Every structure is written in C-alpha cells, then in structure tokens.
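Heads up, the thing below is written out as structure tokens.
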Amino acid sequence: MKQPFPADFIWGSATASYQIEGGTKEGGRGASIWDTFSQTPGKVAGGDTGDVACDHFHRFEDDIKLMKELGLQAYRFSIAWSRIQPDGTGEPNAEGIAFYNSIIDCLLAHDIEPWVTLYHWDLPQALEDRVGGWLGKAIVPIFGDYARICFEQFGDRVKNWITLNEPWCSAVLGYGLGVHAPGHADADKPYVAAHHLILSHAAAVKIYREEWGHQQGRIGITNNCDWRMPLTDSEADKAAAQRSLVFFLGWFADPIWKGDYPAVMRERLGDRLPVFSAEERELLLGSSDFFGLNHYTTMLASEPDPDAEVETNIAGNGGMAEDQEVHLSNDPAWTQTQMGWNIVPEGCRELLKWIDERYDHPEIYITENGCAVEEPDVESALQDVVRRDFFDGYLHECRNAIEQGVDLRGYFAWSLLDNFEWSWGYERRFGIVRVDYDTLERTPKLSAQWYAAAIASNGASIGGVGHPSAESREQAAESR
Ligand code: GBH
C-alpha cells in the first residue's frame with residue numbers, strides 16, 4: 001500500500017446524455033444536433049446513432065445501483081437540453097424535468113453526489129436552425145434561460161454544476177474540422193463559436209450567483225487539454241510546446257482566470273479572434289469556482305522545420321495547425337490506446353502543475369480521464385489490463401502532483417459504461433463496465449473492480465500494478 005489520497009478526495013465516474021440515454025423520441029425530447037449529425041450518412045462509423053445507446057433512459061436505476069456497488073462517491077452526468085426545452089427555448093417540458101429528478105433523487109438515495117453538466121454537445125436542433133447554434137451571439141441569453149430552469153428545478157439537490165463540457169471540442173471538432181455536430185469545416189468559425197461558448201458560460205454563472213446563491217452550490221467549467229512535451233531542449237521547441245498549450249487550454253481558461261484571451265493568440269490571429277468588451281471581461285474573470293479538467297493524452301511539440309514538407313491538419317491540433325505553427329509528433333516508445341492516443345501518465349502530472357502555476361493554484365477536479373481498448377467479447381473486457389494499468393498510472397501521477405502542491409480535489413473516470421463514442425459510434429469502448437449492445441446487459445470489467453478497490457483504500461492501492469516509469473521510458477528512448 002502507498003500513500004492514500006487526501007481524506008476528502010472525491011472519487012467518481014462520468015457519462016454524457018447523448019452517449020448513454022437512448023430514448024431519443026421519448027419523454028417529449030426534441031431533436032438535437034447529434035441526432036441530425038448521426039443520421040447523416042458517412043458522419044458516424046457504422047451509421048450508429050444514440051437512439052438506443054445504453055438505454056440508460058430506462059435503466060438508470062440499475063445503473064445507479066451498480067455505481068453504489070463500485071463505491072462511487074460522485075457521478076457526473078449531463079442534461080440533454082432538448083429534454084428540458086424540446087425546441088431550445090420556452091417553458092420546461094415536465095417529462096424531461098421528471099426524468100432528471102428521478103436520477104438525482106435515486107443518486108441521493110444511494111448517497112452518491114450528483115455533478116451535473118448543463119451542456120455536453122447535444123444542442124437542440126431548433127437552435128441550430130433558428131439562431132445558427134453557437135455562431136451567433138443570440139445563443140448567450142438563450143443558454144442562460146436554459147441554465148436558469150435547471151438551477152430552479154434541480155438546484156435544491158444539485159450542488160455541483162458544470163456549465164460546458166470541453167468547449168474546445170465543440171469549437172474545433174464541430175466548427176473547424178467538421179467531425180462533430182453540427183459539422184462545419186472552417187478556419188474562422190471555431191474562434192467565433194468559442195467566443196459565444198465562453199460568454200454563455202459566464203451568463204449562466206452570473207444567473208446562478210445572482211439568483212440562486214442561496215442554494216449554496218458551486219459552479220464551474222470543464223475544459224480539455226492534452227499535454228505537450230517539447231521534442232528537444234531547444235528554446236524554440238519549448239516555446240512551441242507552450243504555444244500549443246496556450247492555444248489549447250489558454251484559449252478557454254485565460255478569459256476566465258485572467259480576464260482575456262492569451263496575448264499570443266491575439267498576436268497570431270488579429271481580427272480573426274473576437275474581442276470581449278470591458279463589461280464581458282469583468283463578468284468572465286473569476287467565473288469558475290473550480291478548474292474542471294478532462295485529460296487523455298500527450299504529444300511532442302516542436303518548432304516546424306521550414307524546409308520540411310509542410311504537415312497540416314496534424315491530429316490533435318485541430319484545423320488550427322497553421323495558426324499555431326507547432327509541429328506535433330509521437331515518441332515511438334509510447335504505447336497507445338485504441339484511439340491512437342499516447343499513454344503518458346507523467347504528462348497528466350505535468351499538465352496539472354502547469355495549470356496550478358498559470359492559474360494561481362486553483363482547486364482542480366479531473367472530470368474525465370480514461371481510454372478505449374479493443375474488446376471483441378465479454379471475456380476480453382473482464383481482462384482489460386490495459387485500462388486498469390492506464391488508470392493506475394494516471395492516478396499515481398495525480399497523487400504525485402498533489403504531493404508536489406497541486407490542489408487536486410477529485411477524479412472522475414471516463415466512463416462508467418461503454419457508450420456512443422461520437423463519430424466512432426459503438427466501435428470504441430471507454431467503459432469500466434461493459435455493455436452488450438444486443439442484450440444491453442452490463443458487466444463490470446477488471447478495471448471496475450480495480451477502481452472499486454482504489455476507492456475503498458482512498459487511493460492507497462494505486463501505483464501497485466506497475467507501469468513504465470519515467471526512468472524506464474527514458475532508458476528505452478536512449479537505447480533506441
Ligand atoms: C472527451 O473528449 C469527451 O468529453 C467524451 O464525451 C468522450 O467520450 C471522451 O472524451 C472520449 O473520446 O488526436 O492523439 O492528438 C476527448 C477530447 C480531444 C482528447 C482531442 C484527445 C486528441 C488526441 N479529446 N485529443 S490526438
């Protein structure tokens with residue numbers, strides 16, 4: 001046994017509405033941009049949709065019992081906006097409210113703390129049609145009105161709110177690369193969409209603090225960021241890694257923790273980057289009670305070689321490779337998940353330290369971390385050693401970060417269940433619990449048992465299965 005985590009550390013797991021609920025035509029739910037996108041031929045692997053997904057809409061009680069069996073202390077889920085307001089505005093839909101009330105009450109009855117994300121990518125289709133989704137400023141008060149309904153209906157019991165999940169993905173994947181809904185591929189739209197996402201976050205927080213302060217909850221945002229390690233020790237490569245991180249995370253976190261977009265983005269983008277008014281900057285600054293972080297992987301960053309063949313559209317850099325002038329690559333010594341994402345636990349530690357330093361020691365929650373593993377059958381899922389070792393390695397480095405002074409307060413494993421993995425459909429499994437998509441039967445994997453033991457020991461059992469240490473990794477790299 002190793003050092004346990006801090007006594008009040010929160011252990012949870014996370015999901016998102018469109019990825020698990022199904023029941024897309026039930027309970028008065030309106031269509032979302034992900035219904036439209038997944039029904040568009042060629043957008044999602046295998047033509048998969050979220051119509052049934054994990055059928056959590058009908059099975060949430062059993063799923064919550066399962067959470068209890070694993071000892072989860074907190075559960076992060078998202079609300080489907082179009083269940084609350086089927087066409088994106090107006091009076092709340094009573095059946096949608098009742099559905100989330102049932103989930104919240106069931107969680108509390110099992111002593112599991114609800115962490116609720118207001119927006120995990122499933123915008124009501126009606127808003128895409130009427131106001132152009134996140135591209136128009138009209139969305140800002142509309143999101144505020146939706147948030148208000150949620151605070152009013154659920155805030156007596158929900159004390160942890162997350163406004164947006166990974167606005168980087170909404171902006172870059174949805175408006176830059178077109179691989180997520182609503183499927184726009186454009187060089188400038190990501191900056192416009194991001195601007196309205198950030199302002200929408202601030203609008204919801206203002207409403208929460210001004211109108212619902214008596215509920216005494218907390219509200220924040222979850223951003224995602226992959227770590228960037230300089231390829232060499234050269235100043236140019238170190239600067240490239242920093243630039244990449246600032247374009248990735250600083251883009252969304254600087255307005256909230258520093259009051260404006262990063263200077264390096266302004267320098268490089270000029271007028272392509274929208275401008276916050278003084279009033280908006282004031283509203284943004286300090287508008288998150290905690291730093292929500294989703295972290296999955298690491299890449300090497302370097303100054304592009306002007307003589308080399310230009311490599312555009314580098315994975316993970318979005319369509320904005322040209323804007324950043326950063327070359328990304330992989331260390332061949334790194335092992336990868338089924339997504340092709342590098343497994344680099346120390347990158348998680350370094351990112352936590354980077355956030356701690358840049359944003360002046362915020363309270364951090366890792367609201368997602370996990371990996372996809374190829375699991376053709378239930379037998380392989382019961383032996384998901386790669387996923388178990390992934391969690392062990394990443395959480396071991398989380399503890400190292402805490403020991404080095406980072407204020408990390410909690411961790412949510414992505415994901416509770418195998419689920420609809422966006423453009424990959426059901427081809428990629430991230431769950432600690434297997435879902436048989438024919439029978440919808442749930443089977444906890446080895447990683448779930450491992451996680452249950454980790455929670456029961458408050459993390460003291462973590463670091464026990466062994467993973468390539470930084471030292472052994474260096475040795476491997478040197479011997480190449
Ligand atoms: C999260 O996003 C989502 O919140 C969640 O819904 C989803 O199911 C889960 O992750 C798994 O995908 O191309 O090697 O450079 C993940 C955000 C951003 C993480 C891009 C990986 C690119 C890796 N991802 N990043 S690479």
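Just follow the structure's listing: the first ligand is 1, and inside any ligand the first atom is 1. Since we're looking at a predicted model, the values are computed, not measured. Numbers here are sequence positions counted from 1.
For Asn342, no heavy-atom contact with ligand 1 is shorter than 4.0 Å. Residue contacts with ligand 1, taken as heavy atom pairs separated by less than 4.0 Å, do not involve Met339 at all.
The heavy atom nearest to atom 3 (C) of ligand 1, considering only Glu368, His180, Gln336, is found in Glu368. The closest non-hydrogen atom to atom 22 (C) of ligand 1, taken over Asn224, Asp226, Thr367, comes from Asp226.
With Glu375 as the partner, the side chain to side chain donor-acceptor pair (under 3.5 Å) test is satisfied by one option alone out of Arg429, Arg387, Gln383, Gln338: Arg387.
Residue contacts with ligand 1: Gln19 is placed with a nitrogen or oxygen under 3.5 Å of a nitrogen or oxygen of the ligand (distance criterion only). Looking at Thr297 next to ligand 1, no N or O pair under 3.5 Å apart turns up. Backbone and side-chain nitrogen or oxygen atoms of Asn419 are examined, and none is located within less than 3.5 angstrom of a nitrogen or oxygen of ligand 1.
With sequence neighbours left out, Thr297 forms a side-chain contact (heavy atoms from CB on, under 4.5 Å) with Asp226, Trp341, Asn342. With sequence neighbours left out, Tyr451 forms a ring-ring contact (aromatic ring centres under 6.0 Å, His included) with no residue at all.
The atoms of ligand 1 that sit less than 4.0 Å from any heavy atom of Glu166 are 1 (C), 2 (O), 3 (C), 4 (O), 16 (C), 17 (C).
For Glu357, the CD atom is loosely surrounded, since the number of other residues' heavy atoms within 6.0 Å does not exceed 12. Other residues, nucleotides and ligands place more than 12 heavy atoms under 6.0 Å from the CD atom of Gln449. Residue-environment remark: CG (Asp377) exceeds the threshold of 12 foreign heavy atoms within 6.0 Å.
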